[in-house]
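Each remark here refers to the structure printed beneath this line.
In what follows, chains carry the letters A, B, and so on, assigned in the order in which the sequence lines appear, proteins first and then strands, with residues in each chain numbered from 1.
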Protein chains: 2
Amino acid sequence: MKKIIGSRPRGATLADVGLAANVSPMTVSKVLRKTGRISEETQERVLEAAVKLGYVPNQLAGSLGSATSNIVCILIPSASDSVYSEILSSISRTLRPLELRTFVGESNFDPEIEYEQVRSFLSIRPAGLILSGGVQRLAKTDDILEKHGADTVQIWDGDRQTATANIGPSHEMAGRMMAEHFVELGLKNVAYIGSELSKDLCAARRAEAFEHTARQHGLKFTAITSESAPRQAIGGTLLTERMLEDQSDIEGVHYLNDAMAIGGIRAMYQRGLVAADHMQVTGFNGTSLATSVRTRLTTIDMSYTHIGEAAANAVISLAAGQPVSAVQVEDCKFVQGNTSGKRN
Amino acid sequence: MKKIIGSRPRGATLADVGLAANVSPMTVSKVLRKTGRISEETQERVLEAAVKLGYVPNQLAGSLGSATSNIVCILIPSASDSVYSEILSSISRTLRPLELRTFVGESNFDPEIEYEQVRSFLSIRPAGLILSGGVQRLAKTDDILEKHGADTVQIWDGDRQTATANIGPSHEMAGRMMAEHFVELGLKNVAYIGSELSKDLCAARRAEAFEHTARQHGLKFTAITSESAPRQAIGGTLLTERMLEDQSDIEGVHYLNDAMAIGGIRAMYQRGLVAADHMQVTGFNGTSLATSVRTRLTTIDMSYTHIGEAAANAVISLAAGQPVSAVQVEDCKFVQGNTSGKRN
DNA sequence: CTGAAAGCGCTTACAG
DNA sequence: CTGAAAGCGCTTACAG
């Protein structure tokens, strides 16, 4: 039924443009999509009318009619985490020239929100779906994905295959690298500090590999973790203070991420410079270079741009029905800073 | 025409669920949307069938049919800038309980990309539209917005009315505050360092107000700006090095943002500690607390959460046809750190 | 309490 | 080179 109240201007339709250009809607459609042969003269008339009316095709109708869409949906755990926002930017940049748009959602590491977001995504029948790995996934999420025959690309977790294509670093290797670094420095007593490991499976895997490797080499290991401390500098400060109170002989600490490491170093300085100067500190993410004054954190870095491009390309391949490799492991780069190794 | 090739499972439709539950599609629609009276018994049967088939309503069709959508589109200049990603998170959080989803785009401060993104947004006939202020807007962008009768909410620029509702801090006041801070400290010779001011009108307005106020009080003023230096720490380092080479008697520098200020301080330390200890440094954004070790930047902070909530609420009001205030100026908070004021 | 009809604005597959 | 017909999967507004 027609709605009678013309409350707000609703945007011109194909029919409106056709009327203005004195052709059928079908012809307008063809001109605008550059399909079929239409005379120069008609084309000009149509284009002119479209511009004059500010015509913007209704993609809701377009996608429904053609059963295809140009939207790629992306779900990340946290929009305020620079890791994900950099990957995101890279994905959008790669997709833009192909006229593919991105639709971004945030799960806050909550499996129930992830499920709702996935439903939301499926409800607009997207051209592609990118999720983040290393989070708890509900069975009903997998179920609904399968029933819709949706191929998914997963970023961040390069250790497991949990989607059609997985792209990310090996977190196991990252954790191992940091433990080996401490071993090489001759440390005997090390700690790991992190938060919300039960939600972030990738971070948990790094922590495990770090612990495992450290113990394997006979080092003493302590974990100071919390399920509620913020994964920002302030959380690192709090947990480090707790550690410094309880343990006096720890020589090196590996943190969940760079922000927490910076916060940890701050706590060490506040308890007398001795702590920070004698303690070996490492982070993860490689964002530290951009943020501190005299501290250059020893950390692990990788190319977020590259991860984003790989994810975008996987989506494009899948949409074209081409095969993709199941797991693409991204390189991790060890970055030697001035917070470790200068031990004397 | 029906497409014959059943290439991939396409997701169940209302009709499929109706078939499985032995009712008409219409009845399924009513049960799922909880409208109209349907017997308990029928409801159960329908719900069961919907779950079994993994039914997810096709919103493309739904929105087309009802001429309403539950998507709010948001355009920000940069996804990797924490200011915008924090506002974004806050908007999503406020909208989620109302079943409104967010669709995010990035313009990179490019007016042409802004135009394309706005077109993209309009093509899905969103329930609301949030843009960012303080960027150059093309006439055709305003034109198309008007022709679609789209009300827009604008974040970040609290000095101008350029949309139905504007929400943000007064950048003019922020710039003035920082100049007054230097005046109170008794400085005679100050500088401003920033980048890409021609694209970022809000930053330009802060710079202008800073310069104007400084000169008004008889201070000597120098601007060291670039249109290409990154707005990150590295850019601050580069421009500060340039300044230190050319000018030897500058006593205080106000930076475009905190990241550049941190980078600037790094440059000062590298040229001999003298510079950093004797130089007054201020930033803008209030993100510094989270990122540095011993440096607590003097800066200006505000509640990004609050800006996000206000923007979300404005969208909700507009969608409900309720009036909104044209300009909502957000409070700026002066944060005294240890990079200024300890002058001796 | 339930459903058949008409329409949303496009597209696909034809016909002229 | 141009267009009339049928359909995409929903919803609105009625009728029973």
Those residues at least two apart in sequence (or on a different chain) that pass side-chain contact (heavy atoms from CB on, under 4.5 Å) with R96(A) are R101(A), N108(B), I113(B), Q117(B)

*asked:* Quick check on dG3(D): is either OP1 or OP2 less than 4.0 Å from any side-chain nitrogen or oxygen of S24(A)?
replied: yes

Pairing partner of dT2(D), by Watson-Crick or G-U wobble and under 3.5 Å for both distances, is dA15(C)

Rounded to whole Å, CZ of R125(B) lies from C1' of dC8(C) at a distance of 11 Å

| said: Looking only at the side chains, is there a donor atom on one of S82(B) and S85(B) sitting less than 3.5 Å from an acceptor on the other? | reply: no

Separation of dT11(D) atom C1' from L14(B) atom CG, nearest Å, is 10 Å

- Do any N or O atoms from the side chain of T42(A) and from the backbone of I38(A) form a donor-acceptor pair under 3.5 angstrom? no

Atom CG of L64(A) and atom P of dT11(D) are separated, to the nearest Å, by 12 Å

Here the distance between atom P of dC1(D) and atom CD of Q43(A), to the nearest Å, is 9 Å

Taken to the nearest whole Å, CD1/I38(A) to C1'/dT2(D) is 6 Å

query: OP1 or OP2 of dT2(C) sitting under 4.0 Å from any side-chain N/O of S39(B)?
result: yes

In whole angstroms, the gap separating C1' of dG9(D) from CG of L19(B) amounts to 15 Å

Side chains of C73(A) and I124(A), heavy atoms from C-beta outward: is any pair under 4.5 Å? yes

Heavy-atom nearest nucleotide on DNA chain C taken for M26(B) and for E40(B); more 5' hit belongs to E40(B)

note: L122(B), atom CG; dC10(C), atom P; distance rounded to Å ~ 13 Å

Exercise. Does the side chain of S66(A) get closer than 4.0 angstrom to OP1 or OP2 of dC8(D) through an N or O atom?
Worked result: no

Check: R93(B)/S89(B) side-chain N/O donor and acceptor closer than 3.5 Å | no

*Would you indicate, yes or no, if dG3(D) has its OP1 or OP2 atom less than 4.0 angstrom from a side-chain nitrogen or oxygen of T27(A)?*
yes

Next on the checklist: For a quick test of reading the model: is some side-chain N or O of S29(B) closer than 4.0 Å to OP1 or OP2 of dC10(D)?
Outcome noted: no

Is any side-chain N or O of R33(B) closer than 4.0 Å to OP1 or OP2 of dT12(D)?
yes

I124(A) CD1 to dC8(D) C1', in whole Å, measures 16 Å

Q. Reckon S63(A) touches a base, only the sugar-phosphate, or nothing at all at heavy-atom distances under 4.0 Å?
A. nothing

When you check the phosphate oxygens OP1 and OP2 of dG3(C), does a side-chain N or O of R37(B) lie under 4.0 Å from one of them? no

task = Would you please confirm or rule out a distance under 4.0 Å between OP1 or OP2 of dG9(C) and any side-chain N or O of Y55(A)?
result = no

On DNA chain D, more 5' by nearest nucleotide between V56(B) and K30(B) is V56(B)

